[in-house]
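Since the structure comes first, as structure tokens, the remarks are kept for the end.
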Amino acid sequence: HSVLTQPPSVSGAPGQRVTISCSGNSSNIGNNGVTWYQQLPGKSPKVLIYYDDRRPSGGSDRFSGSKSGASASLAISGLQSEDEADYYCGAWDDGLNGPIFGGGTKLTVL
Amino acid sequence: QITLKESGPTLVRPTQTLTLTCSVSGFSMSAFGMGVGWIRQPPGKALQWLAIIYWDNDVRYNPFLKTKLTITKDTSKNHILLTLTNMDPMDTATYFCARTVTTGSFDYWGPGTLVTVSS
């Protein structure tokens, strides 16, 4: 029941910049903060961005978030091989009265 | 250091009830605004939120699974328990517990525990 829509996959060469989109509606992204998670293979998710565009303490500045209306984006600059992972967006949904996640985007570094 | 760790059976039979335990350390479950949630991930699939219990015992359930779930906490043991009834092979997943202090965001996660439902 993923309510947030993400592209299934994105790819880029080392050093390039890629963006991952996350589309929702006025009940979730349009009215609440967006969190971006990185999930490396076999690991648990890790917060990259919270409150739309804030990085956790110690987080890499190669990752940045933005939001406009009911859509959000995660940008990854200076791609590295270790960035290969699944990326999820998340937000509180006022209708669900709980958090929801996107379907996930698999990043491949060519 | 904030840590969470899931534990419970790794194999359950269809129709059985599953109880998972999340053991937390490094923060107080009684602190204002604190919450612990359960999220699951079927193999190769996306994350799905299940339930959250807050510092004041307020609970939220995914409405699509509400009849199947019960979340409780034992503050004295720093445990959060999740019970799922009438397990089905489609409930096969890695189950994570995670801390939340802001609406919709989980900042610390356990490593997860894989639960397989099979006869």
Side-chain angles (χ1 to χ4, degrees), chain A residues 1-9 20 22 24 27-59 65 67 72 85-106, chain B residues 1-7 20 22-24 33 35-54 58-66 68-69 71 82 90-91 93-115:
Chain A
H1 299 112
S2 297
V3 181
L4 304 181
T5 303
Q6 299 180 234
S9 63
I20 299 172
C22 176
S27 295
N28 40 68
I29 293 178
N31 197 42
N32 297 291
V34 176
T35 301
W36 287 94
Y37 302 91
Q38 177 193 58
Q39 187 177 30
L40 295 169
K43 301 293 187 181
S44 52
K46 167 191 167 185
V47 173
L48 294 174
I49 299 290
Y50 67 102
Y51 280 160
D52 302 336
D53 56 10
R54 301 185 189 182
R55 274 188 299 273
S57 174
K67 187 173 84 173
D86 293 323
Y87 293 82
Y88 292 91
C89 57
W92 188 267
D93 187 275
D94 297 330
L96 194 73
N97 202 20
I100 55 170
F101 297 96
T105 299
K106 183 175 183 59
Chain B
Q1 181 187 3
I2 293 171
T3 64
L4 301 93
K5 185 173 175 60
E6 307 85 355
S7 60
L20 296 171
C22 176
S23 302
V24 309
V36 174
W38 285 92
I39 303 101
R40 71 180 180 182
Q41 185 173 38
K45 296 189 177 180
L47 303 168
Q48 181 185 34
W49 168 66
L50 300 176
I52 296 175
I53 188 164
Y54 290 100
D58 182 25
V59 298
R60 308 289 172 91
Y61 293 106
N62 184 320
F64 294 101
L65 296 165
K66 185 173 182 178
K68 191 180 182 69
L69 305 172
I71 188 170
L82 181 72
M90 291 195 64
D91 296 314
T94 296
Y95 287 77
F96 298 99
C97 62
R99 190 184 83 156
T100 179
V101 292
T102 59
T103 302
S105 184
F106 295 99
D107 58 354
Y108 289 90
W109 294 63
T113 183
L114 174 62
V115 178

Q: Can you establish whether the number of heavy atoms outside Y108(B) located under 6.0 Å from its atom OH is more than 12?
A: no
Q.
With a 4.5 angstrom heavy-atom cut-off, is it the side chain or the backbone of F106(B) that approaches chain A, or both, or neither?
A. both
Q. Between Q39(A) and chain B, which part of the residue has a heavy atom less than 4.5 Å away: side chain, backbone, both or neither?
A. side chain
Q: Give me the one residue out of N62(B), I39(B), L69(B), L20(B) that meets side-chain contact (heavy atoms from CB on, under 4.5 Å) with L50(B).
A: L69(B)
Q) In terms of heavy-atom pairs under 4.5 Å, which option from A91(A), P99(A), G104(A) contacts chain B the most? A) P99(A)
Q. Do D58(B) and R60(B) meet the salt-bridge criterion of a basic N to acidic O distance under 4.0 Å?
A. yes
(Q) Is S44(A) close to chain B through its backbone or its side chain, or both, or neither, when contacts mean heavy atoms under 4.5 Å? (A) both
Q) Which heavy atom in P56(A) sits nearest to a heavy atom in V47(A), and how many Å separate them? A) CG-O, 3.6 Å
**Q.** Max heavy-atom pair count under 4.5 Å with chain A, selected residue of S105(B), G37(B), A51(B), A98(B)
**A.** S105(B)
Q: Might you confirm whether atom OH of Y51(A) has over 12 heavy atoms from other residues, nucleotides or ligands at distances under 6.0 Å?
A: no
